[in-house]
Amino acid sequence: MTPWPGTFEMTIHHRFGTIENGISDLYGIYAPSNIQLGVQYGITDRLMAGFATEKNNKLQRFYAKYAVLKQTMSGKIPVSVSVLGNATIDARDEEAFGTSYETTDRLSYFTQVIIARKFSDRLSLQIAPSYAHFNAVDSTLQHDRIGLMAGGRLKVTQSLSAIFEYHQPFKINDLRDYMQDTEPGVALGIEIGTSTHAFQVFATNYKGIVPQQNYVKNTNEFDSEGILLGFNITVRL
């Protein structure tokens, strides 16, 4: 979905710390958290653009989405297809990038083709082949990852839905012995929607909010040590 033409939306994305320390930090709520604030605008009924700023690594994300196809009620077009992409700037101090720093080291990119279908008034599913790239990473990581995301929503009542997401990253090149692999991402939660607001709360194993962070750098497993709680809020202005 994209905002209505001429409409602004404000987004708040929040990730608490992992639950591994239990009650001592209230299952991650007292732990260091990550947050992203953003705004997005519907340029046409098919095109939106947005900007968001994220706490971890001071990430500044510029993104856009274009609806190539829209599912029709007649079934003539059975799926909706959108293309999503972002360019992100890491705004940390120069010292964070090592001794051979170049300005382009700050840049990373993500693109995704989202194929979605509304099967009924209650059930919607989507899959999304994805590609993530970092201009610069440390020696334990790879610059590029491809992946496949699957997600869905099941309406329980008019305003309450169950939601899920799973993304599986794949290596383009073999890992060397000293490199770390990336864990798949899982999220399970609920969504409460009104005419102007959408509120999601969920459990997940990825702390990043900019998607390429999770495709390339996520090492949390979906277990008692790697799970964290999060919420998203979208407000139509």
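Under the 3.5 Å distance criterion, the side-chain polar atoms of Asn205 are matched with a main-chain donor or acceptor of Val186. Between the Gln180 side chain and the Leu141 main chain, no donor and acceptor come within less than 3.5 Å of each other. A donor-acceptor contact shorter than 3.5 Å is absent between the side chain of Arg15 and the backbone of Gly230. Of the possible polar contacts, one joining the Arg122 side chain to the Lys155 backbone as a donor-acceptor pair under 3.5 Å is found. Proximity of a side-chain donor or acceptor of Thr182 to a complementary backbone N or O of Val216 within less than 3.5 Å is detected. At least one donor-acceptor pair under 3.5 Å links the side chain of Asp138 to the backbone N or O of Thr140.
Ile172 is listed as a side-chain neighbour of Tyr131, based on a closest heavy-atom distance under 4.5 Å.
By the rule that hydrophobic residues join a cluster once side-chain heavy atoms approach within less than 4.5 Å of another member, Met1 and Ile115 end up as members of separate clusters. Leu237 and Phe51 are assigned to two separate hydrophobic clusters, defined by single-linkage of ILVMFWY side chains at heavy-atom distances under 4.5 Å. Two different hydrophobic clusters hold Phe170 and Phe222 under the rule that ILVMFWY side chains link at heavy-atom gaps under 4.5 Å. Put simply, Tyr63 and Ile233 are part of two different groups of oily side chains (I, L, V, M, F, W, Y) that touch within less than 4.5 Å, one to the next. If you chain together hydrophobic residues whose side chains sit under 4.5 Å apart, Val39 and Tyr41 fall into the same group.
Here the shortest heavy-atom pairing between Pro5 and Thr44 reads CG-C, 3.6 Å.
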Note to self: Could you walk me through whether Val113 and Val81 satisfy the side-chain contact (heavy atoms from CB on, under 4.5 Å) test, starting with their C-alpha distance in whole Å, then the side-chain angles of each, then the deciding distance to 0.1 Å, before giving a yes or no?
What the structure shows: CA-CA 7 Å; Val113 178; Val81 178; 4.0 Å; yes
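Rounding to the nearest 0.5 Å gives a distance of 10.5 Å between CD1 of Ile146 and CD of Gln168. The line from CD of Gln142 to NE2 of His133 is 12.5 Å long, rounded to the nearest 0.5 Å. Interatomic distance, NZ of Lys65 versus CE of Met48, reported as 6.0 Å (0.5 Å rounding). A distance of 3.5 Å separates CG of Asn56 from CG of Asn34, quoted to the nearest 0.5 Å. With rounding to the nearest 0.5 angstrom, the CD1 atom of Ile190 is 12.0 Å from the CG atom of Leu188. For the atom pair CD1 (Ile35) and OG1 (Thr53), the distance works out to 10.5 Å, reported to the nearest 0.5 Å.
Ring geometry for Tyr206 against His167 counts as tilted: the plane angle lies between 30° and 60°, on a 0 to 90° scale.
Between the side chains of Tyr215 and Ser130, at least one donor N or O lies within less than 3.5 Å of an accepting N or O.
By the side-chain hydrogen bond (donor to acceptor under 3.5 Å, both in side chains) test, Tyr30 pairs with no residue at all, sequence neighbours left out.
Annotation: His14 is in aromatic contact with Phe231 [ring centroid separation under 6.0 Å].
Put simply, the residue from Gln60, Gln212, Glu54, Arg61 that forms a side chain to side chain donor-acceptor pair (under 3.5 Å) with Thr88 is Gln212.
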